[in-house]
Participant: 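Sending over a structure as structure tokens; questions will come in a sec.
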Number of protein chains: 2
Amino acid sequence: MKWPEGHGELRATRPPGQVIMNPLDATRGMMDGLGTEANVCVKCGSRSIGLCAPLDVAALDDMSGESERLTVEPRDAIFHQGDPARYVYTLTEGMARLTRVLPDGRQSVIGFRFAGDLLGFTPGSEHAFGAEMLTRGTVCRLDRRRLEQLFRRYPVLERRFLDLCVKELAASQDHILALGRFNAEERVAAFLVSLAEAQERRGRPGPVFDLPATRADIGEFLGLTLETVSRAISAFRKRGWIRLHGHSGIELVDRESLIGLGSGEGSCAA
Amino acid sequence: MKWPEGHGELRATRPPGQVIMNPLDATRGMMDGLGTEANVCVKCGSRSIGLCAPLDVAALDDMSGESERLTVEPRDAIFHQGDPARYVYTLTEGMARLTRVLPDGRQSVIGFRFAGDLLGFTPGSEHAFGAEMLTRGTVCRLDRRRLEQLFRRYPVLERRFLDLCVKELAASQDHILALGRFNAEERVAAFLVSLAEAQERRGRPGPVFDLPATRADIGEFLGLTLETVSRAISAFRKRGWIRLHGHSGIELVDRESLIGLGSGEGSCAA
DNA sequence: CGAGAACTTGATATATGTCAAGAGGCGTGG
DNA sequence: CCACGCCTCTTGACATATATCAAGTTCTCG
């Protein structure tokens, strides 16, 4: 699947009012949408977790009037970097990665997104990054001009975008902190904990979590090579902190140790 | 100087509609406010570049009614990480750095700010990072509750915040890309070019630019040590790409080469 | 059951960090 | 105005975390 549209980006992360002392929040932010709120998006059939949360039923109905639901296969793109930003997307099922490419081909994963997260919002005219599914999934897309109309009709919606955006920004700064100051094991530990938290927030009880991202994906997200990610995971396994279940199942046995490592509480710098 | 207030963060970066293929934008974003627009903020005495740009004179007058102007000495904090987020600040003169601290004391500079930039906006209750001046300067502070009132009175202001925020987010993602994928010289080159561009955008013609940030500041921003930053700068100097003028003046002699290096166009990875 | 993809692990290379000494600029005070 | 002292920067030698290269293994899916 491939569409020539989409763009920018926006997402929710930390409960407002919490100080960011903890880099776990970085990754946490990077992978966490507003997965807790209710309301059913009529057309999408999904919970209106991200965008529509503050809207009433009439508004939701209004909103879903022009939205379309699409199925996406693993590794397919939802939109590409540089595409005209014509639609805004809500990821309704599955997990996606956001990627940014340099002129010379170097690539970086900017973040991961889950069911309920919003993708591709930007005031610009083109998508600043691409989005690809890691699993099979579905998205609900809404024309951007329609969204602007909805902003005018439901001002609360615009405020919601602002809040989501500020939280996303805080999450990005956490990630910057992690990339600039964490060593390999700290980054991987923070990533694993935040992945687990993101899934728990979406109602997956654990103790075994999905890990649809490959070592290469994780490495591109954390600024490491896939081998270094693999070595960190092996080290955790040997310490009894985690247990692997096949290639895409992971169990956090000693979460406290992982949190300690992934929170920047010491061990490495002072 | 030290106040027990302040918080979150928000800023403008790239002209809307520009695709982010270029990591220079990262740093560019990180140091660039909306320095081009007019209007004079009555109480501040300064151009209302960041926040107030879309407001008319009456609104500006209204807005400045409760704002206060303060002078800040070099290395003094405007607000600290964790402070209650009571005010929003506009930097009216000078250059500041935004810092984030980990529990174990490791620190990271998440961005630099210049005259016209907005500091400390957040929907949360505490500042997620601290802001310190690098030079002597002045800030204009506005009570946050007052800002919320202004949002209600001038809806365009809220939209402005959203746009600023999305651009800031794009800039953060550029920085993430640079931290995750650039080597030391590429990061320093991107930083220098973006610093020059930020100053040009604010009307400083060059060719000699201020560099009030120390090697340590730059290193903390780029995820490098001060020695590595120093070596990169020395290497550029030896290649004739830059010339240093005292400890805080820098001249970009061969900007094209710096841009090439700092744009992720090759040389290192492919 | 077979083949490919993803992962693991080892050996080695290298970019950057660390430690240390010295030089240069800038401000202060005589 | 000069001189001293501090702070920042520079440069070198060395250490090390991570990247790179290369097999081999395990899982997954057809």
Side-chain angles (χ1 to χ4, degrees), chain A residues 73-75 97 106-109 134-136 178-189 191-192 208 210-239 242-251 261 267-270, chain B residues 73-75 97 106-108 134-136 178-189 191-192 208 210-239 242-250 261 267-270:
Chain A
E73 294 302 305
R75 295 286 148 184
R97 65 170 194 196
R106 275 179 286 182
Q107 177 172 323
S108 185
V109 172
L134 295 179
T135 63
R136 173 168 290 102
L179 287 175
R181 290 278 164 268
F182 278 18
N183 66 27
E185 287 198 1
E186 290 171 322
R187 294 182 207 181
V188 175
F191 170 80
L192 293 178
V208 179
D210 276 349
L211 182 59
T214 66
R215 304 285 186 266
D217 288 325
I218 300 169
E220 287 190 349
F221 177 62
L222 299 176
L224 302 168
T225 60
L226 67 93
E227 292 94 332
T228 300
V229 173
S230 179
R231 278 184 245 270
I233 289 177
S234 293
F236 296 160
R237 185 164 38 76
K238 282 166 189 161
R239 284 172 218 160
I242 63 174
R243 204 171 301 158
L244 299 181
H245 298 262
H247 269 174
S248 68
I250 186 164
E251 178 183 352
L261 232 197
S267 92
C268 152
Chain B
E73 294 302 306
R75 296 285 148 185
R97 63 169 196 197
R106 273 177 287 182
Q107 178 172 321
S108 184
L134 295 179
T135 64
R136 173 168 290 102
L179 288 175
R181 290 277 164 271
F182 278 17
N183 66 28
E185 286 197 1
E186 290 171 322
R187 293 182 208 181
V188 175
F191 170 81
L192 293 178
V208 178
D210 276 349
L211 183 59
T214 66
R215 304 285 185 267
D217 288 326
I218 300 168
E220 287 190 350
F221 177 62
L222 299 176
L224 302 168
T225 60
L226 67 95
E227 293 93 335
T228 301
V229 174
S230 179
R231 278 184 246 268
I233 288 178
S234 293
F236 296 160
R237 185 165 37 77
K238 283 167 189 159
R239 283 173 218 159
I242 62 173
R243 205 172 299 157
L244 298 182
H245 297 262
H247 266 175
S248 69
I250 186 165
L261 232 198
S267 91
C268 152

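What's counted below: heavy atoms across the whole structure, side chains too, no hydrogens, waters or symmetry copies.
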Participant: In this structure, how many angstroms lie between the C1' atom of C:dC7 and the CD1 atom of A:I218, rounded?
Facilitator: 11 Å

Participant: Compare the minimum distances between each of C:dG17, C:dT18, D:dA22 and the side chain of B:R231, then state the nucleotide with the smallest one.
Facilitator: C:dT18

Participant: Taking only N and O in the side chain of A:K238, is any of them less than 4.0 Å away from OP1 or OP2 of C:dT9?
Facilitator: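 Looking at the OP1 and OP2 atoms of C:dT9, one of them is under 4.0 Å from a side-chain N or O of A:K238.
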
Participant: Give the rounded distance in Å between these two atoms: CZ of B:F182 and P of C:dA15.
Facilitator: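 It is 17 Å, rounded to the nearest whole Å.
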
Participant: Given C:dT9, C:dG25, C:dT16, identify the nucleotide with an atom nearest to the side chain of A:S230.
Facilitator: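 So the nucleotide nearest the side chain must be C:dT9.
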
Participant: Nearest heavy-atom pair of A:I242 and A:I250: which atoms, and what distance?
Facilitator: CD1-CD1, 4.1 Å

Participant: Base, sugar-phosphate, or nothing: which does A:G223 touch, judged by heavy atoms less than 4.0 Å apart?
Facilitator: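 The answer is sugar-phosphate, as A:G223 gets under 4.0 Å only of primed atoms, P, OP1 or OP2.
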
Participant: Identify whether the distance between the nearest side-chain nitrogen and carboxylate oxygen of A:E220 and A:R215 falls below 4.0 Å.
Facilitator: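 Result for this pair is no, no salt bridge flagged.
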
Participant: Would you mind reading off the distance between A:N183 atom CG and C:dT18 atom C1', rounded to a whole angstrom?
Facilitator: 16 Å

Participant: Distance check needed: D:dA19 P versus A:L222 CG, whole Å only.
Facilitator: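 Rounding to the nearest Å, CG of A:L222 and P of D:dA19 are 11 Å apart.
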
Participant: Where is the tightest heavy-atom contact between B:P74 and B:R136, given as atom of each residue plus distance?
Facilitator: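 Residues B:P74 and B:R136, closest heavy atoms: CG-N, 3.5 Å.
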
Participant: How close do A:L179 and B:G180 get, counting heavy atoms only, and between which atoms?
Facilitator: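 That closest heavy-atom pairing would be CD1-N, 4.4 Å.
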
Participant: Report which part of the nucleic acid B:L224 touches: base, sugar-phosphate, or nothing (heavy-atom distance under 4.0 Å, all strands).
Facilitator: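 Answer is sugar-phosphate: B:L224 comes under 4.0 Å of backbone atoms only.
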
Participant: In whole Å, I'd like the distance from the CD1 atom of B:I242 to the C1' atom of D:dC9.
Facilitator: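 The distance from CD1 of B:I242 to C1' of D:dC9 comes to 13 Å, rounded to the nearest Å.
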
Participant: Hey, which sits more toward the 5' end of DNA chain D by its nearest nucleotide, B:T228 or A:T225?
Facilitator: B:T228

Participant: How many whole angstroms separate atom NE2 of A:H247 from atom C1' of C:dG4?
Facilitator: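 Distance check: A:H247 NE2 to C:dG4 C1' gives 12 Å.
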
Participant: In terms of side-chain heavy atoms of B:S234, which of D:dT28, C:dT16, D:dT11 is nearest?
Facilitator: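 Of the options given, the side chain of B:S234 lies nearest D:dT11.
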
Participant: Please determine if a side-chain N or O atom of A:R215 lies less than 4.0 Å away from the OP1 or OP2 oxygen of C:dC7.
Facilitator: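 For A:R215, the contact criterion (side-chain N or O under 4.0 Å from OP1 or OP2 of C:dC7) is met.
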
Participant: Would you please confirm or rule out a distance under 4.0 Å between OP1 or OP2 of C:dA6 and any side-chain N or O of A:T214?
Facilitator: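 For A:T214, the contact criterion (side-chain N or O under 4.0 Å from OP1 or OP2 of C:dA6) is not met.
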
Participant: For A:R237 and C:dT9, is the shortest distance between a side-chain N/O and OP1 or OP2 below 4.0 Å?
Facilitator: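 It does, given that an N or O in the side chain of A:R237 lies less than 4.0 Å from OP1 or OP2 of C:dT9.
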
Participant: Distance check needed: D:dT10 P versus B:F236 CZ, whole Å only.
Facilitator: 13 Å

Participant: Report yes or no: is there a donor-acceptor pair, N or O only, under 3.5 Å between the side chain of B:E227 and the base of C:dC19?
Facilitator: yes

Participant: Check every strand shown and say whether B:L244 touches a base, only sugar-phosphate, or nothing at a heavy-atom separation below 4.0 Å.
Facilitator: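 Result for B:L244 = sugar-phosphate.
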
Participant: What's the CD-C1' distance between B:E185 and C:dT14, to the nearest Å?
Facilitator: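 Result: 14 Å.
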
Participant: Does A:R237 come within less than 4.0 Å of A:E251, counting only side-chain N to carboxylate O?
Facilitator: no

